[in-house]
Amino acid sequence: MIKIEVRLFATFRENRERKYFFELPKETNILDILNKLNIDREDASLILLNGVDGDVDRKLKDGDVLSLFPPVGGG
Amino acid sequence: MYGYMGKILRVNLTNRTYSTEDFDFEFGKKYLGARGVGVKIMMDEVPAKTDPFSPENKIIVASGGLTGAPIPTSGRYMVITKSPLTGTIAISNSGGHWGPSFKATGHDLIIFEGKADSPVYLYIEDDKVEIRDANHLWGKTVLETTEAINEELEGFKVMAIGPAGEKLSLISAIMNDVDRAAGRGGVGAVMGSKNLKAIVVKGSNKIPIFDSEKTKEVSKSKVSTLRNDPVAGSGLPSYGSAVLVNIINESGVFPVKNFQEAYTDEADTISGESLTEHHLVKKSACYRCPIACGRVVKLDDGTVVGGPEYETIWAFGADCGLYDLETINKANMICNDYGLDTISAGATIAAAMELYQRGFIKDEDIAADGLSLNWGDAEAVLGWTKKMATREGFGDKLADGSFRLATSYGAPELSMSVKKQELPAYDPRAIQGHGLSYAVNNRGGCHIKGYMISPEILGYPEKLDRFSLEGKAAYTKIFLDLTAVIDSIGLCVFTTFGLGLPDYVDMYNAVVGDVHTNESLLEAGERIWNLEKLFNIREGFSSSDDKLPKRLVEDPIPNGPSKGHVHKLSELLPEYYSVRGWDKEGVPTLETLNRLGLEEYSKYIDKESDSEGALSF
Ligand code: SF4
């Protein structure tokens, strides 16, 4: 099992928590997390795995922090 | 002639006279308007090495070909002058409603010359132009000035400086519509130096449109593109630019305590999400803007004021080690009211706090002010902001920005600035293209004229690897040139989240006439960028000024997800010069000037005949 932290931002927080701590089986990837949280893959425009862009099929490691954002911008 | 009003207003403040001149359409096509036209006039009319505060410096307030037209986000105008902060060209942009009202007076731009011997304001109602006494307005805040004008006159839009500009603060802004700012480069102080308090406008002229049907059609389609775009249609309107707080922090490039760190666990307390949840009253929009990224917030005492942008939240927040939105909202209000650039104001306090942390500034230096320079001290942040604006006590030193402050303590490297202008809210050590954009910016430290955060962090128009150097020089060039186009035609740069070059061509051609192609419009942006560069070269700037603070190229980021990275400017700079068609010293080649139709300025790249005062027979 691995322990990971998931952080949600902007509209992803609607009807969800800001943060989740999950204990998951070893082969879990980012897409599994999106499914688990009921987030459409298309809507997750920014996926940061430990601060760096992560592909949805990336497998998670113990201690990973996953930050998920809908499409957002500014300047 | 379409799009443009065809008239330039020239105001001589020394003699209190004015005259009008024709605005040449060919000139409009070549330099687009607003920023491009302003830079061209500065180049042609203001001699090299002019003291920014002397009567010989000019301020140009200019609309673009699309300003005020029935096109989305056409509320923008520009202020162009020589910056007293950087000594470079100053190119400051603002939105709101003032720009379109000014254009409706029937003028494309105003050139201010000279200096009034006592405070004045400029009144324009269509053809009626008056240089009026402003003794009663001098000393008033921007809000008080606007209210006083509204009492005297009906239906006028007000652009004004506050006490900071009057006191010649080098980081003072020009404000319009109470809380919109042409913020950067100390442009407020140039108005102050001329004793020009305000410009009030009201107009009834219609903008001549080349093809009204086409304009309607194009406008409708661009509005719908923007509305359906996930960022422009949803992300920006929901949270404002402040939504970036969490994104930039989660990416580990959120500068904390004057760029000593790049990540904080406390970011969420000052995020766009928190602002929306706890402070937001409503959204606000500039003229004809379907995006409406503006915020209106409520303070604890019930006062309703313009809300902070992302950059402002960062400057007074994380950069000062402060995580309290109420204080940030108040600091933002003080800046708007006193006419200070929020980025430079917050970043200067942050620099002072680091100078204090490291023992350069001593307790006795600030004892008389009764304020601390401790990280995160809310009372101090608000107190210094006000003292900076009024040059009171130690605030007098802060009023000239972080570079002069740090230099006076023998520690210029603690000013996180480029060309003496404070850097905005992104640590470039782990965003290589954005760091390049900082270093080469014609107006000094600036994020918006070449917003590489868009591809490198947000993924627009495509996602680039932010750590990589590959292709970044060419990409940065395109962003800088495209922004010069958008600034010059009179639209908002936030449209780039949903629109691209062909969209701007569509809009320009529908309003102004079928004059530009994708290539020629982007080339006009490149021409403007090169002309600004030539202005700076003429002022004595060289490649040695295209640099980042030592910390950012030498000390790796110490914490957070981007830990260990430094900016690799020395590797990127030569490639950037080369894609620009500049020589190794960063000077445009003759070939480049010829290609861009700037051959008349070739004398400024000729190093042999550099000395203007040299005898020639
Ligand atoms: S996007 Fe924001 S800044 Fe730009 S025009 Fe619209 S409201 Fe103004």
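Since we're looking at a predicted model, the values are computed, not measured. In what follows, every chain begins at residue 1, and chains take the letters A, B, ... in the order their sequences are listed.
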**Item:** Distance in Å, A:Phe69 CZ paired with B:Ile247 CD1, rounded so as to fall on 0.5 Å steps
**Value:** 5.0 Å

**Message:** Looking at A:Glu5, I'd like to know if its CD atom is crowded, meaning that more than 12 non-hydrogen atoms belonging to other residues, nucleotides or ligands lie closer than 6.0 Å.
**Reply:** yes

**Request:** Return yes when atom CZ of A:Arg58 has more than 12 non-hydrogen atoms of other residues, nucleotides or ligands closer than 6.0 Å, and no otherwise.
**Result:** no

**Asked** Among residues 26-49 of chain A, which ones touch chain B with a heavy-atom distance under 4.5 Å?
**Response** A:Leu46, A:Leu48

**Request:** Please look at B:Ser251 and chain A and tell me whether the side chain, the backbone, both or neither of the residue comes under 4.5 angstrom of a heavy atom of that chain.
**Result:** both

**Message:** Any non-hydrogen side-chain atom of A:Thr11 less than 4.5 Å from a side-chain atom of B:Tyr239?
**Reply:** yes

**Request:** State whether B:Glu273 and A:Arg7 are salt-bridged, where the test is any N-O pair (Lys NZ or Arg NE/NH1/NH2 against Asp/Glu carboxylate O) under 4.0 Å.
**Result:** no

**Request:** Output all residues satisfying side chain to side chain donor-acceptor pair (under 3.5 Å) with B:Ser562, sequence neighbours left out; order by chain, then residue number.
**Result:** B:Arg466

**Item:** Contact origin within A:Asn50 toward chain B - heavy atom pairs under 4.5 Å
**Value:** backbone

**Message:** Looking at A:Lys59, I'd like to know if its NZ atom is crowded, meaning that more than 12 non-hydrogen atoms belonging to other residues, nucleotides or ligands lie closer than 6.0 Å.
**Reply:** no

**Prompt:** What part of B:Asp268 lies closer than 4.5 angstrom to a heavy atom of chain A: side chain, backbone, both or neither?
**Reply:** side chain

**Validation row: B:Phe497, A:Pro71 side chains within 4.5 angstrom (heavy atoms)** = no

**Message:** Is it the case that over 12 heavy atoms from other parts of the model lie below 6.0 angstrom from the CG atom of A:Asn15?
**Reply:** no

